Amino acid sequence: MISPIIIAGGSGTRLWPLSRGNYPKQFLKLHGENTMLQETILRLKGLEHSPVMLICNEEHRFIAAEQVRQLNVKHSGIFLEPVGRNTAPAIALAAFKAVEDDNDSLLLVLAADHVIADQTAFRESVNKAKLLAEQGKLVTFGVVGSTPETGYGYIKRGAEFGNGFVVDSFVEKPDLVTAQGYIASGDYYWNSGMFLFKASRYLEELKAFRPDIYEACKKAVQVQSSDMDFVRVDKEAFERCPDESVDYAVMEQTKDAVVVPMDANWNDVGGFAALWEVSKQDENGNSFIGDVKSVDTKNTLVFGDDKLVATVGVENLVIVNTKDAVLVAHKDESQKVKQIVSQLKVDKRTEVIFHREVYRPWGKYDSVDSGERFQVKRITVKPGAKLSVQMHHHRAEHWIVVSGTAKVQIDDTEQYVTENESVYIPITAVHALENPGKVDLELIEVQSGSYLGEDDIVRFEDRYGRVE
């Protein structure tokens, strides 16, 4: 049986300002009606497989859980990495869990942020690889490339072996001339970063070539705790694990690596130029998302969020408008967005981490306005959801209900607040907000005080496990 393992880590910095630290590209709707994570899960339909396991960062756990819930599909748990340690340790956690459950299944390792247009071809390649993985081979999928891409690593195939080829070598990202030679030869594939192998075989090879990673992950999974959808491992043990990719740790070392070709219109959407390539384009080569008007515009990608974007007499541009940032870049230079992100990190700008609209397990909030000693938010609370019982040392809050009904606790009193009504929460008052209704609760929150940071929250109770 195939056990899909979807790795949903990563920060997607080359797609800033769409992708942010707390809401990276795998959780965005960049190609189609679903998010990239959801598309990854949905393309498994037609394959015989057990419920999906997700591996993601602690700070993304509620986003991942909500997006799986929206699909109404079963999953086998969301493994939370205490810290990021790259793909080799992440896969090891899943492999140890599979063996622990007496289920030496075939692990189908997928990234959550790839576009695969031809899903039938994807499933055909997986089924071909299944026969090889059952024989103990460690299979990687090589994308059949049509252009000499310099942004991908390559896999050189060797002798034919069953439905695939023995891996001759893995090759780093080449220059253009070298990449042209690779494509012309027909012996090289793009390295997709997708794999299929038995859990036990992966652990055997990891133990042989990187015993330090093997031992650290083994100790980490020996101490597990579960709450709701989430599985946590021992943080201290996992923090001692080296940071390494599965390619370097295992695939480039093992003698049992096999590559199966995949010709499925694959794209890792590694930047805005790639996003433009996979997006629907008009007769002028433009891809417009949102409210966009254009005159004499060609080969341009525009993302409009909350306002009209107009372009005149431009071509080969990327224009991204979000609620708190605007990016304008030449499409051929769009990879350099990472340099902007680096500058923002140095300047400690919040835009590198947060969108103006922030999602929480109970709903979301939009930071509408802020200034010295005040901040205004529009808060949406889902039906049946409740914010934590909490207190603030430095700010008071005023809540005005726009729609719905709020159940409000302030110290020892409890009251219902409905549309056009408001309530005041003094500094240090213990309080909670709940939506007891059947529709979204919308309210405006006005904060005032000497410090308005999100870390001025002391939680006493929380149904989402956020009490320290």
Side-chain angles (χ1 to χ4, degrees), residues 20-23 58-63 66 82 225 227-228 230 232 235 323-324 348-437 439-468:
R20 310 281 179 103
N22 81 320
Y23 212 88
E58 179 86 20
E59 59 266 31
H60 299 149
R61 65 193 187 278
F62 294 116
I63 303 171
E66 173 62 16
S225 61
D227 67 271
M228 297 189 290
F230 312 118
R232 291 178 172 85
K235 180 178 180 181
K323 290 182 177 180
D324 61 349
K348 294 182 168 48
R349 295 287 297 260
T350 59
E351 292 93 341
V352 77
I353 302 294
F354 298 105
H355 283 279
R356 205 182 81 174
E357 194 170 67
V358 177
Y359 287 83
R360 291 287 186 253
W362 43 260
K364 64 181 179 179
Y365 67 82
D366 183 359
S367 298
V368 177
D369 194 12
S370 64
E372 187 175 354
R373 298 183 63 86
F374 83 90
Q375 183 167 221
V376 181
K377 295 181 177 180
R378 184 183 181 98
I379 296 176
T380 303
V381 184
K382 296 182 293 188
K386 181 181 180 181
L387 281 67
S388 59
V389 180
Q390 58 184 250
M391 179 266 286
H392 312 295
H393 287 293
H394 303 290
R395 72 173 185 249
E397 295 175 340
H398 188 191
W399 294 339
I400 305 100
V401 175
V402 177
S403 63
T405 299
K407 183 179 180 182
V408 178
Q409 171 192 336
I410 304 175
D411 290 328
D412 295 327
T413 65
E414 189 174 274
Q415 60 185 299
Y416 289 89
V417 185
T418 60
E419 295 179 16
N420 299 319
E421 295 181 345
S422 64
V423 66
Y424 177 74
I425 301 95
I427 292 177
T428 71
V430 177
H431 59 281
L433 174 67
E434 184 176 359
N435 179 1
V439 298
D440 284 350
L441 166 65
E442 300 276 353
L443 64 130
I444 300 298
E445 176 183 86
V446 181
Q447 303 175 358
S448 59
S450 59
Y451 180 74
L452 305 174
E454 285 297 304
D455 52 350
D456 181 26
I457 299 177
V458 179
R459 290 189 174 94
F460 300 99
E461 298 175 24
D462 185 66
R463 62 177 59 174
Y464 310 106
R466 296 176 297 169
V467 178
E468 296 295 333

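Note that the numbering runs from 1 along the sequence shown for the chain. Source: prediction; values computed, not measured.
Between Lys364 and His355, the closest side-chain pair of non-hydrogen atoms is not below 4.5 Å. Counting only heavy atoms from C-beta outward, the side chains of Trp362 and Leu441 never approach each other to under 4.5 Å. By the 4.5 Å heavy-atom criterion applied to side chains, His431 and His392 are counted as neighbours.
For residues 408-419, the side chain to side chain donor-acceptor pair (under 3.5 Å) pairs, not counting sequence neighbours, are Thr418-Glu421. Screening residues 380-391 for salt bridge (charged side-chain N to carboxylate O under 4.0 Å, His left out) gives Glu66-Lys382 as the qualifying pairs, with residues at least two apart or on separate chains.
For Tyr464 and Phe230, the ring centers sit 6.0 Å or farther from each other.
Side chain of Arg395 to main chain of Tyr451: no donor-acceptor pair is present (N/O by atom type, distance under 3.5 Å, no hydrogens or angles). Between the side chain of Arg20 and the backbone N or O of Phe354, at least one donor-acceptor pair lies under 3.5 Å.
Once rounded to the nearest 0.5 Å, the distance linking OG of Ser422 with CG of Leu443 reads 11.0 Å.
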Step by step, work out the salt bridge (charged side-chain N to carboxylate O under 4.0 Å, His left out) result for Arg61 and Asp227. CA-CA 11 Å; Arg61 65 193 187 278; Asp227 67 271; 5.9 Å; no

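For the side chain to side chain donor-acceptor pair (under 3.5 Å) test with Asp366, the passing option among Arg356, Lys377, Arg378 is Arg356; the others fail.
Counting heavy atoms of neighbouring residues, nucleotides and ligands inside a 6.0 Å radius, atom NE2 of His394 exceeds 12 of them.
Here the closest heavy-atom approach between residue Gly384 and residue Arg463 is recorded as O-NH1, 2.8 Å.
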